[in-house]
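See structure below.
Basis for what follows: all heavy atoms, side chains included, without hydrogens, waters or symmetry-related copies. Reminder, nothing fancy here: chain letters follow the sequence lines and each chain counts from 1.
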Amino acid sequence: METPILLGLNSAQRDAVTSAATVLQVLAPPGSGKTKTLTARVAYLIAHHRLKPWNIIVCTFTRKAAREMADRVRGLVGDEVAKQLKLGTFHSIASRYLRQYGQHIGLAKDFGIADAADSRAIVKRIVKQNRFSMDPSNAHNRISAQKTKGINSTEFSRQAGRKVDLQEFLQIYREYEAILAASNLLDYDDLLLKCRDLLSKHPECVSNVEAVLIDEFQDTNNIQYELMGLFAHQRNTITIVGDPDQSIYGFRMAEIKNLVRMKQQWENTIVINLSENYRSSGAILKAAQNIIEQDPNRPAKKLQATHSLGLRPVLRKLPSANAEARWIVSEIQRLQALTGELLQLNDVAILLRSAYLSRSIETALGKTGLPYRMVGGTRFYDRVEIKLALDYLRVVDQPDNSEAVARIVNVPSRRVGEATVEGLLFEARVKARSLWSIILETVHGRYSPTTKLNEPARKGLAMFVNVIIGVRKKLKEAESRPVFSLADILMFVLKKIEFQSYLKKKFPDEYEARWTSVEELLMQASEASNPDRIQAMLEESNLPVIEGCEQRVPSTDDVLSLFLENVALTASAEHIAEESGEVKQQITISTIHAAKGLEWPIVFIPACYDGSIPHSRAEDRDEERRLLYVGMTRAQALLYLSIPLKNSQREDATLSTFLIQPGVATFFEEHGPSITFPVVQSLATTLRRIAPLADAIREHKKGLERDEDNYWPLNGEEPLEELARWDQDHSNNFVLAPVPSKPVASFAYAQITTLQQGFASTGPAPISAGFTSVRAHYDGLMAQARLQRVDRRTEECTK
DNA sequence: GCACGAGCCATTTTT
DNA sequence: TGGCTCGTGC
Ligand SMILES: Nc1ncnc2c1ncn2[C@@H]1O[C@H](COP(=O)(O)OP(=O)(O)OP(=O)(O)O)[C@@H](O)[C@H]1O
């Protein structure tokens, strides 16, 4: 039967969507429509099998993937139905179950969530207090790894026995668990673990579930795998999609083996493969294939391009990270203009191995005024001013969260220093009380701490108590009123602690920016407390009623808690900004990890050098290769890889191992393509868009400085202009030589580009004869400049 | 004991 | 960039 759900699917995809199999694996390469298939199957289960949306669980790994999935499902089944689905990251779904049924496994009802920063801070404090030598982030990673294996500190201690080298870690692990428990916090791993415990002891909580669907299954870890089975225990209806080649979360204990394990556990598992790629041009796919096939252990797979060859990807050398950034900017501008704005800023993504690499790029974009959004990296909620504001809210919500109390009790300064806080914290731990209760009793004179308190500190504590109690009172009042405004509460906090003057003092130069982000938070808070939104939030977190299974239904008293949970588990600031405002054209900067499952017409992957990708600290080189593969396969029409010959610390950088393998070079051009009219038309076809008129292009071209990628020498050296400028900038009044207005270099490059104008020609880029002479000229000038500098220095010394 | 400024450092990836 | 230590002055 023909239904709209199946429109635009190929036959293999249809088979997968309509498969009668109860346990189904769809394994397929990037861009083959896995996500599309999964969303269609959700719609199909609802429309044809009459499953109730609230009995369907759809899990993803990243928040972004969850959002993408939600958007796509909404497109198929509509708003109403979509929001009834239980869709989200594993962690957010686990958290919903724990909120409503946690009491069955003795979980306090209002647990808070310790995010990565909290966990790190806790471990750091433990290490410091005990004067341990272990690196805190390493310790935290190990704790997380143990948890994922289902080994708690007691179990670890049993296994470790008396091995000396493990004692320190064991101690950290123990204290970490104790601190979380004392503050009524669950960390990310706990959410999964506790949910597993809950569902294995009380499977009735999920007895309503009719189908479970998992995206990016190759990234499941053991606990998530078990959760999947537990969710599905009633009907055993499971659909997963995944691609072993895109497994990039090994560091988070993802287990590719889960694919096999699943087939063993459910012997009726049906596997469907998709092999046609609908995303990328043929040339991009070939290059990506070549990279992934470098892994000798990888079984051969079919991957067919549905698009034509298109433009060959680019592998560009630049002198430095800053030059690389400027080059990216100029290529974006060039493409925009020469395609007559067929390509917009939204079409461009810059994907990075590590978030910190964005700095030079952000600077360059900032200088040009090109708007961009940064995903991943220092997220909105990680900014100091935002974290501080949120910590106040967390303490107001949950004063027994000693970690948060410890962080804010002296910010802004109340003359309660580190020593005092440490002392009180220690007392609290010994007495098995929360830091808040110790402080409160002390201030009320009902308790005299052994920690010495001078008068200013005593006063400071009293002020702090006053703030928190004041806000809590206000919160209570507000909750009982019909209109509840979270923004008011937050504003009240900020006023009480004189946050503005604090920011002014702490960040005299960037006060404006900091306050703007606080305003953004206020806006989010105000939106979150809009009645419709509250309703939606409650509905979303609410699980279906199950007979004989007592549940705690969230109410308006929980708005603050839900808001905070949302921040920890699902919110992403840029999304909220998008929803509230106009959709503006902007470039996306993202980590490769966060880009998984997404696609853009143009993708840049800068910093392709050894040490960055593969990362110097990576344990699994194959995973690094897959990472590059994932990055490359995000591109639809044009892919740029690049490398600065000096990295951001100005050390020499060499091309990534993955890119120097024999034959790789043949898949790449050495510079950006010439954008001729046929190229524009071909781009339009790949992107399924309408090509602009030649006139439009001519018009845009006018504002452009150069229409070829020929400013930076292909060998990655500084161009002549830069050299001259460098000398002007750095040696007073010393000028190298008159700078030719149209440098010789660019003339020679222009020749090269004309030679290669037919795109996707095969074979490596030919080196033009003219190039050597330009090189020689350039080298001569360099040498000359160097000599003159040396002369001058000698002169200065002899003076 | 506390606040604050200068200088030094490295910097993976996510829930 | 920001996160840390160290030194200084209160
Ligand atoms: N049958 C089809 N016809 C046309 N376009 C399709 C078809 N199937 C998928 N596409 C398109 O191909 C692109 C990639 O699809 P999708 O994101 O679902 O792939 P994927 O397999 O999930 O990729 P990845 O593994 O990289 O996440 C999307 O733009 C989608 O609309």
**Study point:** Trace of the salt bridge (Lys or Arg N to Asp or Glu O under 4.0 Å) decision for A:D382 with A:K387
**Key:** CA-CA 6 Å; A:D382 289 334; A:K387 276 219 312 236; 5.1 Å; no

Regarding [X], tell me which of base, sugar-phosphate or nothing describes its non-hydrogen contacts under 4.0 Å with the strands shown.
X	value
A:A116	base
A:T420	sugar-phosphate
A:F61	sugar-phosphate

Review point. Under 5.5 Å between ring centres and under 30° between planes: does that hold for A:F251 against the base of B:dT13?
Key: yes

Review point. Relative to the ring of A:H91, is the ring of A:Y188 parallel (under 30°), tilted (30 to 60°) or perpendicular (over 60°)?
Key: perpendicular

Can you measure [X] atom [atom1] to [N] atom [atom2] for me and round it to whole angstrom units?
X	N	atom1	atom2	value
A:H91	B:dT14	NE2	P	13 Å
A:D135	B:dC9	CG	P	18 Å
A:L351	B:dT12	CG	P	19 Å
A:R120	B:dT12	CZ	C1'	12 Å
A:Y356	B:dA10	OH	C1'	9 Å
A:R353	B:dT12	CZ	P	9 Å
A:N454	C:dC10	CG	P	18 Å
A:D382	B:dT12	CG	C1'	15 Å

Practice item. Go through B:dT11, B:dT14, B:dG1 for me and flag the one nearest to the A:Y249 side chain. Key: B:dT14

Review point. Could you walk me through whether A:E68 and A:K64 pass the salt bridge (Lys or Arg N to Asp or Glu O under 4.0 Å) check?
Key: CA-CA 6 Å; A:E68 170 82 11; A:K64 257 183 121 184; over 6 Å; no

Practice item. Please tell me which of A:K128 and A:E510 maps to the more 5' nucleotide of DNA chain C, matching each residue to the nucleotide holding its nearest heavy atom. Key: A:E510

Point to revise | A:K124 or A:R415, whichever maps to the more 5' nucleotide of DNA chain C | key: A:K124

Check your understanding: Between A:Y225 and A:R196, is there a cation-pi geometry (under 6.0 Å to ring centre, at most 45° from the normal)?
Key -> no

Review point. By a strict heavy-atom criterion of less than 4.0 Å, which residues belonging to residues 614-634 of chain A are in contact with DNA chain B?
Key: A:H615, A:R617

Point to revise | CA sep, side-chain torsions, deciding dist, call: A:L198, A:L98, side-chain contact (heavy atoms from CB on, under 4.5 Å) | key: CA-CA 8 Å; A:L198 168 68; A:L98 292 174; 4.3 Å; yes

Is any side-chain N or O of [X] closer than 4.0 Å to OP1 or OP2 of [N]?
X	N	answer
A:R63	B:dT15	yes
A:S413	B:dC2	no
A:K505	B:dC4	yes
A:T591	B:dT14	yes
A:N410	B:dA3	yes

Check your understanding: Taking the six-membered ring for Trp, is the centroid-to-centroid distance between A:F61 and A:Y249 below 6.0 Å?
Key -> no

**Study point:** First encountered from the 5' end of DNA chain B, between A:L569 and A:R414
**Key:** A:R414

Exercise for review: Assign each of A:G417 and A:H593 to its nearest nucleotide of DNA chain B by heavy atoms, then name whichever residue's nucleotide is nearer the 5' end.
Suggested key: A:G417

Review point. Rounded to the nearest 0.5 Å, how far apart are CD1 of A:I589 and CG of A:L351?
Key: 10.0 Å

Study note, to complete from the structure: ring pair (Phe, Tyr, Trp, His ring centres under 6.0 Å) filter on A:Y173, not counting sequence neighbours, yields A:F169

